[in-house]
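I have placed the structure first, in the form of structure tokens, so that the comments after it can refer back to it.
Indexing begins at 1, ligand by ligand and atom by atom, following the structure's order. As the structure is a computational prediction, the values presented were derived from the model and not from experiment.
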Amino acid sequence: MKVLLTGFEPFGGYTINPSQLLIQALPDHYLGMDLVKQILPVDHQQGPQKMLALLRSHQPDAVIAFGLASGRVQISLERVALNLLDFPIADNAGVIVENQPIVPGGPAAYFSTLPLLAMQAALKAEEISAEFSLSAGAYLCNQVFYTLMHEIVSQDLNTQAGFVHLPDLPEQTAQASRPVPSMSLEVQIQAAHILVAQLGSSN
Ligand code: PCA
């Protein structure tokens with residue numbers, strides 16, 4: 001089984017992104033699976049293009065895309081990708097896209113096909129708190145998530161796929177003027193292993 005795992009480069013004034021550090025820390029092989037690990041640019045053109053190129057060149061059996069959602073308290077298992085670009089801040093190319101579809105005329109939304117129930121239960125069993133989320137936002141993470149699901153459905157691929165948002169790392173929040181929740185990289189890396197181990201489960 002081949003699994004594509006992606007993270008994002010830093011954006012929005014941060015110098016680090018937990019999803020990048022997490023991807024870099026994961027092994028190349030785990031539980032008999034080959035893990036293809038890649039970092040995506042926070043760029044409304046290059047980010048989705050790179051995801052599509054990776055899908056086409058590696059033809060993975062499963063994809064878990066990771067990104068940072070600053071302020072989230074738990075590992076957030078995203079349920080749905082929306083056909084909407086409405087950036088709260090500029091991407092790393094300096095572009096803000098407002099109130100546009102990702103795929104004009106495309107479906108309003110796609111559901112994750114990852115085994116989210118099994119993933120949440122497995123995380124909780126290891127005392128890592130995890131929630132379901134009904135919004136991956138309207139920025140790059142949602143754009144890459146929607147692009148990924150749209151390609152799988154349009155090409156009729158048999159690929160399990162979805163998106164997971166991560167909390168900030170403690171070092172990202174230390175200088176904040178108000179309290180911001182965080183989760184250590186060590187726990188986030190453990191969570192990623194648990195999520196990968198659940199691939200192939202049916203729910
Ligand atoms: N988080 C952003 C984009 C890159 C990332 O790590 C988002 O939630 O859209």
Side-chain angles (χ1 to χ4, degrees), residues 4-26 36-55 63-103 106 108-112 114 116 130-151 161-173 176 180-185 187-189 191-192 195:
L4 172 63
L5 301 170
T6 65
F8 277 101
E9 65 184 10
F11 68 101
Y14 285 118
T15 54
I16 54 175
N17 187 325
S19 66
Q20 177 174 26
L21 301 179
L22 174 147
I23 290 299
Q24 288 166 349
L26 291 174
V36 177
K37 303 169 299 166
Q38 294 284 332
I39 305 304
L40 306 177
V42 179
D43 177 309
H44 72 289
Q45 283 178 326
Q46 291 174 22
Q49 273 168 19
K50 184 161 180 184
M51 174 57 89
L52 289 176
L54 289 168
L55 272 181
V63 183
I64 310 178
F66 293 91
L68 164 68
S70 187
R72 297 266 174 109
V73 181
Q74 299 164 289
I75 301 285
S76 282
L77 306 171
E78 298 294 350
R79 296 195 105 149
V80 61
L82 289 184
N83 190 9
L84 176 67
L85 301 171
D86 202 22
F87 291 2
I89 56 170
D91 69 6
N92 285 352
V95 176
I96 297 187
V97 187
E98 286 178 310
N99 201 28
Q100 301 278 329
I102 297 170
V103 176
Y110 289 107
F111 287 117
S112 171
L114 294 176
L116 299 182
E131 62 179 353
F132 293 139
S133 163
L134 288 174
S135 175
Y139 191 50
L140 256 295
C141 290
N142 176 70
Q143 187 183 6
V144 161
F145 183 15
Y146 185 93
T147 303
L148 165 66
M149 303 314 294
H150 186 70
E151 175 75 0
F163 199 95
V164 176
H165 261 127
L166 306 167
D168 288 289
L169 296 170
E171 53 268 50
Q172 291 177 282
T173 66
V180 179
S182 64
M183 184 181 278
S184 75
L185 183 59
V187 173
Q188 296 200 21
I189 292 169
L195 294 175

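For the pair K50/T6, no side-chain contact is recorded, criterion being any heavy-atom separation below 4.5 Å from C-beta on.
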### Query
Can F11 and L68 be said to form a side-chain contact (heavy atoms from CB on, under 4.5 Å), step by step?
CA-CA 10 Å; F11 68 101; L68 164 68; 4.1 Å; yes
N/O donor to acceptor pairs below 3.5 angstrom from side-chain atoms of residues 38-49, sequence neighbours left out:
{"from": "D43", "atom 1": "OD1", "to": "Q45", "atom 2": "N", "distance (Å)": "2.8"}
{"from": "D43", "atom 1": "OD1", "to": "Q46", "atom 2": "N", "distance (Å)": "2.9"}
{"from": "H44", "atom 1": "ND1", "to": "D91", "atom 2": "OD2", "distance (Å)": "2.8"}

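Applying the salt bridge (charged side-chain N to carboxylate O under 4.0 Å, His left out) rule to pairs touching residues 65-87 yields R72-E78, sequence neighbours excluded.
Using a 30° and 60° split on the angle between ring planes, Y139 and F87 fall in the perpendicular class, above 60°.
Partners of E9 under the salt bridge (charged side-chain N to carboxylate O under 4.0 Å, His left out) rule, at least two apart in sequence or in another chain, do not exist in this structure.
For ligand 1, the 4.0 Å heavy-atom shell contains residues F8, F11, N17, V42, G67, L68, Y139, L140, C141, H165.
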